[in-house]
Amino acid sequence: NDLIEDAEEGYDETELREAEKLAAPVLIAKVDCVQHHQLCTANQIMAYPTLRLFVKGDPMENGDYKGQRTVMDLIQYLKEAEKTLGREGKLSMANINSALEKHLEI
């Protein structure tokens, strides 16, 4: 699979299959806070690395990821976030498509 070959850290087939089970697409971005100091200050990034979940451009309440930096732990965190977002009515195809259009400039 090209995705596995392109991944810097790499992951195995089991991790890939678990990631594919997520209902919502997840976009991950890396920001250099030295170059983008204003962005990091505006988002109250105080420590590195910081993994923060945004929904429709806004930080999710309690959305800072504090778990282990493994694929499986991150997938489990995202599964729990999906449950929360679904209960709050924030996880819908319309919201997903809107977020994709906004962030990918479709």
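Because the structure is predicted, anything quoted here is derived from the model rather than measured.
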Could I get the full list of side chain to side chain donor-acceptor pair (under 3.5 Å) partners for [X], not counting sequence neighbours?
| X | value |
| --- | --- |
| Asp73 | Thr70 |
| Gln68 | none |
| Lys66 | none |

Revision key, fill the gap. For residues 30-39, the side chain to side chain donor-acceptor pair (under 3.5 Å) pairs (sequence neighbours left out) are His37-Thr41
Revision key, fill the gap. Distance col, row Leu74:CG vs Leu51:CG, nearest 0.5 angstrom, shows 6.5 Å
Exercise for review: Working to the nearest 0.5 Å, report the span between CG of Asp64 and CD1 of Ile45.
Suggested key: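 Between atom CG of Asp64 and atom CD1 of Ile45 there are 7.0 Å.
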Review point. Got a sec, which residues hit salt bridge (Lys or Arg N to Asp or Glu O under 4.0 Å) with Glu61, two or more places apart in sequence or on another chain?
Key: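 For Glu61, no residue satisfies salt bridge (Lys or Arg N to Asp or Glu O under 4.0 Å) once neighbours in sequence are set aside.
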Check your understanding: Which disulfide bond (SG atoms under 2.5 Å apart) pairs, counting each pair once, include a residue from residues 34-65, with sequence neighbours left out?
Key ->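 Output for this query lists Cys33-Cys40.
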**Study point:** Side-chain hydrophobic cluster, 4.5 Å single linkage: members besides Val31
**Key:**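 When side chains under 4.5 Å apart are linked, the cluster holding Val31 also contains Leu39.
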Point to revise | Pro49 side chain near Arg69 side chain, heavy-atom distance below 4.5 Å | key: yes
**Study point:** Pairs satisfying ring pair (Phe, Tyr, Trp, His ring centres under 6.0 Å), at least one member in residues 60-89, at least two apart
**Key:**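 Qualifying pairs, neighbours excluded: Tyr65-Tyr77.
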Point to revise | Salt bridge flag under 4.0 Å for residues Glu18 and Lys21 | key: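 Yes, this pair counts.
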